[in-house]
Amino acid sequence: MASARMIPSEWLWGWDPTPGIVSVHAEHNGRAQVWRRLPATGELIHEHERFRPWVLLDRLDDLRHLGAQLTREGGTNAPVRYRELEGPGALRYHVSADDGRMLTSAILHGASQRKGTRLSQLRDLGQKSVLALSPEEQYLVATGRTYFRDLAFDQLHRLQFDLETTGLNAQHDRMFMVSIRYPNGDTEVLEAHGDDGPAEANLIRRLMERIAAADPDVIENHNLHGFDLPFLDRRARMLGVALSLGRVGGPGLRQRAARRGVASGNPDENRRVRFVAPGRELIDTMDAVRRHDFSTRELPGHGLKVVAKHLGIAAPDREYIRGDQIYATYCVDPERVRRYATDDVEEVAALSRMLGGAAYALAQMAPRRYERLSDAGPATGVIDPLLVRAYMRAGMALPAHEEGDGTVHSGAALYLFASGVAHRVVKADVASLYPSLMRAYRIGPGRDRLGALLALVDGLVERRLDAKANARAEPVGSPQRHSYEAVSAALKIVVNSAYGYLAAGGGLTRFADVHAANEVTRRGREVLGLMCRELAAQGVTLLEADTDGVYFAVPASWTELDERRVVANVAAMLPPLVQLEFDGRYAAMLSHEPKNYALLGYDGSLLLRGVAFRSSRSEPYGEHFLRRSIAKLLVGNVAGVRETYLATITALRARALATHDVSSRVRVTKSPEEYLATRGKRRELTYEAMLASGRTTWSVGDRIRVYRKQNGEGGVVVPSEDPALAEPARDYDVRYYVRLLRETYAERLARAFTPEDFAAVFADPDQYSLFAPPLGQIRTTLTTLLSS
DNA sequence: TCATACCGGGG
DNA sequence: GTGTACGGTATGA
């Protein structure tokens, strides 16, 4: 597979040592502008460079019509030059020209003649015939330059701004305030002097002036690309104000196609775009949050406030105002909104510093702009550009995308060995199983003649280990530690996506190889099976195994040392590079269904996993019952489980529970008109509840809380700042909610008992005591479903 | 009940 | 010239 041995460090980092690049803007005419901050002084320099725009083609036929204007590289200095690359790849002609547009039109001219149809864009030739990168990426691939060499994140000049508007709709709502945080940490609040168009236009102009004067390398905000820039762009157009956010280029924002962008201005095309400002990098911290949460999966949401709180960067005196109250608050207490808006930009700056290191690290490696890498997917967004550069550097022809041969992709293994209650539970798992298997068995794409993907994975894993070690050397919770962890997380995502890169079907990735991907999962299932068998042989009880991890229970006499010893014993039997780790230990586990379980920690904490145990639609009383009853169940307090059940029924019957506790949060998906049109056929509780409460207008997307009333109608629980007002009559349907408790919530504990015992524990209060066994004698059960 | 489509956010 | 990472919720057959 790996025929040539290159220097992988070039593949990972490029080769040009130019330090401090903070932005690149290139055009098809072969001119590139580079902004650099000198690492030693922080001084900004602006350089004009030339490069030869280039593409890769699968044939030269379409350029023959150029005659003497086309020559082989190294010959005469014709305007269009080519070089044939080595190896079997389909994209084997590297063609460059003085001017990229001239090159493009020459290719299109030839291809149109050959095909007998008029082609207007290179992409009409198909990705099997042509590879054309953006001018910036052509420049970076050709030069081996990358962003931020020898530059620390804190040396970047970052400016944050945040719009405060009267609403979310740029068509009708307007900006009335902008908060700014400058690279030196100063903040400022700009306000519209009046509520008319000229006042708003003046506000936009002042914002532009401030940005130009501060001249930042990077502009940041949370949901910058999803809200602030589109809103600003729209308002500026409507008001006839020229926007200029970049360092060069005329007025108006430029656009680029982006999957996670907003709908382009033209409603006919369903293209999504993001805005571009030449010379500056437009960074949306939400992208960093998404990427972070992707690997940690611990964030309660992706909004700025909730993330800042969770990561411990929200100031203790941080001002909070509900989104829909901001303008109303401004009208009565403008100072409060000023504080709020300032806190927003401060938080964005801190958030970016904490999580931005990931994209920053990727931009030091991959030949793309920083802002592209901050929202890029790991496979086509990061790995593919690295591979393209490696192949160009090696002078190797690049394989074109190819459809699979129809082989289906087989996935991971999932076993539920036992359900019910288990004690002394241990979780062991393999870190990064799939990339480890790729590395251990050298499973790479068949068409990767350079062996570049595996070399990159090796390099990225090493780099990640460095970041992890650096993180461990910093104090827990410190920004430095978070930064290293963010780098580590980003690299983990890229490393793990190497497998996804193989497995992607339908010609999505250049080196997709379903056979290699199947070999990875086959090895993975083999390793999981081996882990399970060997663990069982050591005397543990297997509970659940999924892809790369196993839950098992150990005998009562074992200590934590015994648990760790067993994991180490089994780890020693696994292939090299496949590292089985001790991932956690728990006092007890309720195993309900695959991927649905509850874990009781030795510290008393209760962890619920899976849709059976947590759902946003759950009624609060049901969720509360689940938590309390499972906590008792897992310590063997069966009488306590019944008490909790009876207490909940008693509370329902006595209407001691607030209506809010039995209500369910639902999302309104039909407009009043739409619902009224179908109301005759089918009545829905949500809408009936709103109508019955006198609400005749609502908008799609609203979230409301509804409950079932005694008379079968629906009721709405209205949120209110005043708890006294929020409490409606407790006229909920008690019988319905008692039944829901038994049939939906108590049911989640069914696996923990024999059917008779379950019936006894959850018998109706009035029926209990006839033939039921005494509660004190009831033991929880663990049922073996599958033997290893 | 099960499969699939869509969303995650911003004021 | 974009992306094929998840996990929950809403919906339609």
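Letters A, B, ... are given to chains in the order of the sequence lines, protein chains preceding strands, and every chain is numbered from 1.
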Does the distance from a Lys or Arg side-chain N to an Asp or Glu carboxylate O, for A/Arg368 and A/Glu136, drop under 4.0 Å?
no
Scan A/Asp124 against the nucleic acid and name what it touches under 4.0 Å (heavy atoms): base, sugar-phosphate only, or nothing.
nothing
If I pick the P atom on B/dG9 and the same atom on C/dT9, what distance separates them, to the nearest angstrom?
13 Å
Between A/His302 and A/Asp293, is any side-chain donor less than 3.5 angstrom from a side-chain acceptor?
yes
Using atom P in both nucleotides, what's the gap between B/dC7 and C/dT2 to the nearest angstrom?
22 Å
Ignoring backbone atoms, establish whether A/Lys595 has a side-chain N or O less than 4.0 Å from OP1 or OP2 of C/dC6.
no
Select base, sugar-phosphate, or nothing to describe what A/Asp162 touches, counting heavy atoms under 4.0 Å on all strands.
sugar-phosphate
With a cut-off of under 6.0 Å to the ring centre and 45° to the axis, is A/Arg318 in cation-pi contact with A/Tyr320?
yes
Regarding A/Gln255 and A/Arg274, is there a side-chain donor-to-acceptor distance under 3.5 Å anywhere?
no
Heavy-atom contacts under 4.0 Å between residues 371-383 of chain A and DNA chain C, which residues?
A/Arg372, A/Gly377, A/Pro378, A/Thr380
Which is true for A/Leu304 with a 4.0 Å heavy-atom rule: it touches a base, it touches only sugar-phosphate, or it touches nothing?
sugar-phosphate
For a quick check of understanding: with a heavy-atom distance under 4.0 Å over all strands, which category does A/Ile326 fall into, base, sugar-phosphate or nothing?
sugar-phosphate
Looking at every strand, decide which applies to A/Lys492 at a 4.0 Å heavy-atom threshold: base, sugar-phosphate, or nothing.
nothing
Would you call the rings of A/His94 and A/Trp54 parallel, tilted or perpendicular, where under 30° means parallel and over 60° means perpendicular?
parallel
Only residue of A/Ile383, A/Leu91, A/Leu131 satisfying side chain to side chain contact (heavy atoms under 4.5 Å, CB included) with A/Val388 is A/Leu131
